[in-house]
Each structure stands twice: as structure tokens, then as C-alpha cells.
2 protein chains.
Amino acid sequence: MLTERQLLILKAIIDDYITHAEPVGSRSVSKREDMNYSPATIRNEMSDLEELGFLEKPHSSAGRIPSQKGYRYYVDHLLSPKKLSKKEISGIQSVFRERFSELEQVIQQSAKILSNLTSYTSIVLGPEIFESTLRQIQIIPLSNESAVAIIVTDTGHVENQTVALPEGLNIHDLEKVVNIINERLKGVPLVHLRHKLTTELGNVFEKYIDQYDTMLSLLNKTFLSQQHEKVFYGGKTNILAQPEFHNVERVKQLFNIFEEDALVTKLFRSDDQGITIKIGQENRFEPFDECSVITATYSFDGKPMGTVGILGPTRMEYQRVIGILDYLSKDLSKLLTTRYQK
Amino acid sequence: MLTERQLLILKAIIDDYITHAEPVGSRSVSKREDMNYSPATIRNEMSDLEELGFLEKPHSSAGRIPSQKGYRYYVDHLLSPKKLSKKEISGIQSVFRERFSELEQVIQQSAKILSNLTSYTSIVLGPEIFESTLRQIQIIPLSNESAVAIIVTDTGHVENQTVALPEGLNIHDLEKVVNIINERLKGVPLVHLRHKLTTELGNVFEKYIDQYDTMLSLLNKTFLSQQHEKVFYGGKTNILAQPEFHNVERVKQLFNIFEEDALVTKLFRSDDQGITIKIGQENRFEPFDECSVITATYSFDGKPMGTVGILGPTRMEYQRVIGILDYLSKDLSKLLTTRYQK
DNA sequence: ATTTAGCACTCGCGTATCGAGAGTGCTAAC
DNA sequence: GTTAGCACTCTCGATACGCGAGTGCTAAAT
């Protein structure tokens, strides 16, 4: 267990390192306002803290920097939640004041304001379309061989896909099928669509439709492809300002990751309600060894729908970012719930 | 006017610089197969070529590198079109052999294969939705206050937008209007949609519809927002491998540009049929001072629809890239024309 | 009149050296 | 338990130096 004084010193060192990005020496710690000890005393404590694994030395005659364990302790025990500044609050609220008509616009704007306020990179996932339910499907023929299938959800999200029409398919039958689906499957979560299609509607189709098989496989194919959550970014290049990314090889790695939505989703997605913090190697992904990821979930009608997150250096301003994410995710949830609740 | 020998030397130097990325000295030029002159002679010629502005020296005792004027001369007069390798041809054709159902997929794949083959960054613009014509519009109500408007074009492209419904709007009237539009405006280019809406259909509406004004402004708003061409990238990070981008500040600038589709469109769009080459400062954009952009247009049914382009260092493999772009743009045009031609 | 050999000169780059500055860790005194 | 003092360590920037690559000029060769 750490003594009161060790806590004080650990916090001082991490705070200092977060703002100045340089190893912290005993002298500069001892000069702090509330620090009534000489550099020598501090040095002894620092040595102990290093032995306990909270600090490390870049080399023998630099100051100390926090270890991953140090950061973890810091966020778990030393973080006093800080109120947002007026500027931050008004920044966030400005997103929600504008009456964006599209949900995606709201989310894109959220990502943008997040990155502006934090000057890190923000990533917003979802909303998970799988959670949303079917409002209507449409199939619009383009030619004899192809058509566009359109799926609209209750949140106003539109997915579309061009499909090749099997030869000899009866367009009128297709229309009939679409009508039946719209009647019977409205309100069904998209995840269950394929299942319901085969079970509940199987017999209905069989009765009315000639090319039952063809039709079914066509629809299945259509629904199947709607898999991915969308990923929104804000300030992709912000993180390049951090000294951690001053070599191009690492930048390349990072941006390659950004190209792969599936990977980003895996890294950022959080199912736990509330704030999640992953520091350095806790991300289990080598290019992020010197990064921390802070995420918060937002929800619609009580159910988690997506994730807002910040990617920054391990040396990031945790308390500020946490405050901002918390505030924004709650506002976003509120907006979604009031907007789409009938 | 340059002598035969000067041309030979200029070409040798540029070819060498393109492959090795290092200033070229007289000795290495003289060692070439078809070069029957001593280093001293070459030195004299190089000195002349420098005076004429085709070459420059990074510093007094390095070799020479091509100037922008040198590259320009090279692409205009010295480039012998090279046949594509088998690998390149089969790479491109593999994109078109796969029966992608969506046009966007084909284009995305084209961008990818372009970047793979060239190991530069590829950018594909369009297809310009403004050129395409209306297949159908749909308005699907979400709640009492909002609805999703969907526009489908003849190329299978789908644009959608959530719109706020004006208070007291009659849903049945809206349906009527949508039906009339689908009857009368099918096949109209999207660019003309707003215009036709007011002129041709104005009087029809006035007859049948109560809230003529409200309806019209609603539809106008909907069509108005469909402005942007879509931008597809391939190998965004490829260009980071070039020594020209070994400082992070420049990388940051570049990626900031990539975030702004409008800017990228402006820089890459080409209306001239065929291949366009912009070298260094010809791009009139500072971050591209050491880059060249090669673009080719692709067309649908004879009309230019979009642009495929490559961003590389000024020192890029022009003849190879030109060959690939030429081949791919033609194949793409062919595909579009056969696929969507009824 | 070209072309070429020879040679002095220039410049960048990698390596080695050095001193300053910042910081530590230990010891001994407070 | 705390602190002053001091030797020691390590990085970093500046300076110096030699090597290698390349040029430009002059004079000789073709």
C-alpha cells in the first residue's frame, strides 16, 4: 500500500508528465506548491515508486516517467473528476442545438467536436444497425437483370445494395414478397430478419409464390451483407502532433489500421456501460502500445447502441477526456431517445 | 532545341533518378549500355542541361536531379509508351471478372488494384451522380415529424436523406406528389431535377395539391443536398513509403487534405478526355509541390463520368502509371457501358 | 573541334570527441 | 526521518575530421 506522500508524489509526476511530455526530475517535483520536501526526499520516494513498478527511467540520468502500471493506478485511484469548462460544455451543446436532420450527421459532428475539444483523435462507432428494427424495404428494378434493394430502419438509417436478379424471376412475385415483408416484419430487429424470413414467412411464401427458393436466397443474400457498423472519425491527424508519432513508420501503421473498419471496431467497441479506459498494452495491439483508448457507450431507449472514443498517447489528459466523453455520450443518448421515441 | 545526345542523357538521368531516388552523377550515366561517352563529356552536357533548366543540383557536389521543367519535357517528349506486364493486365482484369453487384464496389476495387500495382496512392472520383438520371424517388415516413427521402438513379446509386416534415403536412398529398414525380421525371438528369420540378410540374401540383409551397420547398431542400461526388481511395498510406514524405509535418498536411473531399475533387478532377499529368507546382497547391498527379477520365455511354488518378512523387514511374491508368479507365468505361446500357 | 584524362576543389555525411546540463544515488550530517 | 553535498552517469548539441562522390577546369589526345 502506498503512503500518503507517495500518492502525492506519484500524482505530481504523472500530472507533470502529461502536460510537459518530458521525464520529471526530483527538483521540479519539489518545487511544486503543495510539496514541502526537498529533492533528496523526493528522490528516495521516486526510487521506491520505481521499485514498486509505478515509474520507470528512460535512462539512468533522466527523470522518471510513469509506467503503464503507474497510469493504471492514476486513473483508478488518483483521478479527481474535473468539471468541464464552459467552452467545452458549449462546444458539445452546439452539436445538439443544430437541428441536423440525419442521425449520421449528428454522429459525424460529435466526432468532430470531440477531436476539437481534446485535440486527440476521436472515433465513434455505430449506431449499431443490428439493434435497430425494420421500417420498410423496397426493391427497385434497374433493368431486367438487376435491382436495388433498400432497407430503411426505424432510426432513419438507409442501407442499400444492388442485387443481380436471377433469370426468369417474376417481378410481380417479387413485389408481392416485398409487400408481405413490409406488412409482417415491420418492427423486427434487423438481426432477426433472416431468421424470421425463413421460419415465420416460409409457409406464407410457399402458398403464394412460384419461385420460392430463388426468392428466398435472393433476400437472404441482401440481408446478409448488412453486417458492418459504420465508423466515424474526427481529427484523424490530430494524434500526429504527439511526439509519440514523430516517426513515419508508426504513422503508417496507424493509418493502415484506420483503413480497416472491422479492426477499429474491434479495438474501440465497448459493451460495458459507462467509461472504459485501456492503457498502452492493455489494448493488446502492438501499434497502440504507447496509446490509450478511452471509450463511453451511448444508448437509445436504455439499450447500448454505439461507442464514442478517444485515441491519444498514454500520456493523455485523462480526467479532461473522461469528463468530455461522459458528458457527450449522455447527451447523445438523450438526443437519440427523444428524437426517435414515438 | 536539344541535340540528340542531350536527349539521350536527359532521359538516362531521369530514368535513373526515378528508379533510385538519388542524384545522378556523370560516371553512372556513362556506364550505361548505350552510352558511349566518357564521364567528362557527360559532365559538360549536364552542365548545359542545367543551364537550360532541365536539371538542378541539390548541392554543389552531388549529382543532378531533374527539375520540374525536366520532368515536363520527359513526359511530353521522351516517354515511350510501355506495354503492361502480364501481372498488371491480369490484376486489372481480375477486378472486372468478379461480378460485383454494386457499382461502388467496382470502383472501390479499381482504386485498390491501382494502388497495389503502382504502390502509390490512388484516388477515384465519381461516378458523377449529376450526370446520372432519376430512376425513382421514395419517401418513407419515420414518425409524424420526419421521413427518409430516397433517390435511386439509373446506375443503381442510392442517395438518402432524412428530412423534417413541416407541421400539418398531408401525408397523402406527399404520396401523390411522389407518384407524379416518378411518372413524369423518370429519366431526367439529377442536375435538372430542381429546375424541372418548379417549371414543368408547378402547374400540375397547383391543381392537385393544397400545400403546394411547403411541398416544393421540402423537395427542393432534399434535392439540393445531393451535391458531392464521392471520393474513393486506394493505398492511402502507400505514399508514406516515399522519402519525400519522411517528415511528419508533411504527412499531416497530406492527410488533412484527404479528409476534405471537396478539395481532393478539385485537385484531381479532370474534364479532358484521356490522360492528364500535373507535375509538382503545376498542381498549384503547396503540399503537392513534390508530387505529381496523373489522371484519366472514364466514361459511361461516351460521356465522361469520373476520374481515376494516381498521386505519387514527382519522381514517379510515369510510363508505367500512364499505361495502367489508360488501360483501367478504358476497361471501366467499357464495363459501365455494357452493364447499365439497357 | 571534339572528346577525354587528370586533378584540385567542394560538399555532405558518418564518426569521434568533448563539455554542458540535468538528474541520480549514496553518504554523512542535521 | 530529512536534507545537503558530491561524485557519477547519461544525453545532447557543437565541433572537428576524413572519406567518398561528384564537379569544373585545363590541357592533352583524337
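Lettering follows sequence order; numbering is per chain, from 1.
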Please state how far atom [atom1] in [X] lies from atom [atom2] in [N], giving the value in whole angstrom units.
{"X": "A:Ile42", "N": "D:dT3", "atom1": "CD1", "atom2": "P", "value": "9 Å"}
{"X": "A:Arg5", "N": "D:dG1", "atom1": "CZ", "atom2": "P", "value": "10 Å"}
{"X": "A:Asp48", "N": "D:dG1", "atom1": "CG", "atom2": "C1'", "value": "13 Å"}
{"X": "A:Leu55", "N": "C:dG23", "atom1": "CG", "atom2": "P", "value": "15 Å"}

* Side chains of A:Thr295 and A:Thr307: do they bring a donor and an acceptor to under 3.5 Å? -> no
* Around atom CD of A:Glu22, are there more than 12 heavy atoms of other residues, nucleotides or ligands at under 6.0 Å? -> no
* Between C:dT4 and B:Thr41, is there an OP1 or OP2 to side-chain N/O distance shorter than 4.0 Å? -> yes
* To do: Specify whether B:Phe268 and B:Phe288 have parallel, tilted or perpendicular ring planes, treating 30° as the upper limit for parallel and 60° as the lower limit for perpendicular.
  => perpendicular
* Hey, what's the ring geometry for B:Phe54 with B:Tyr73, parallel, tilted or perpendicular (30° and 60° as the breaks)? -> perpendicular
* Go along nucleotides 12-30 of chain D 5' to 3' and tag each nucleotide: B for a protein heavy atom under 4.0 Å from its base, S when only backbone or sugar atoms are that close, - otherwise. => ---------BSBBB-----
* Give a yes or no on whether the ring-centroid distance for A:Phe258 and A:Phe255 is below 6.0 angstrom. => yes
* Asked: Nearest 0.5 Å, what's the OG-CE distance between A:Ser26 and A:Met35?
  -> 11.5 Å
* So which one's nearest nucleotide on DNA chain C is more toward 5', B:Pro58 or B:Glu45? -> B:Glu45
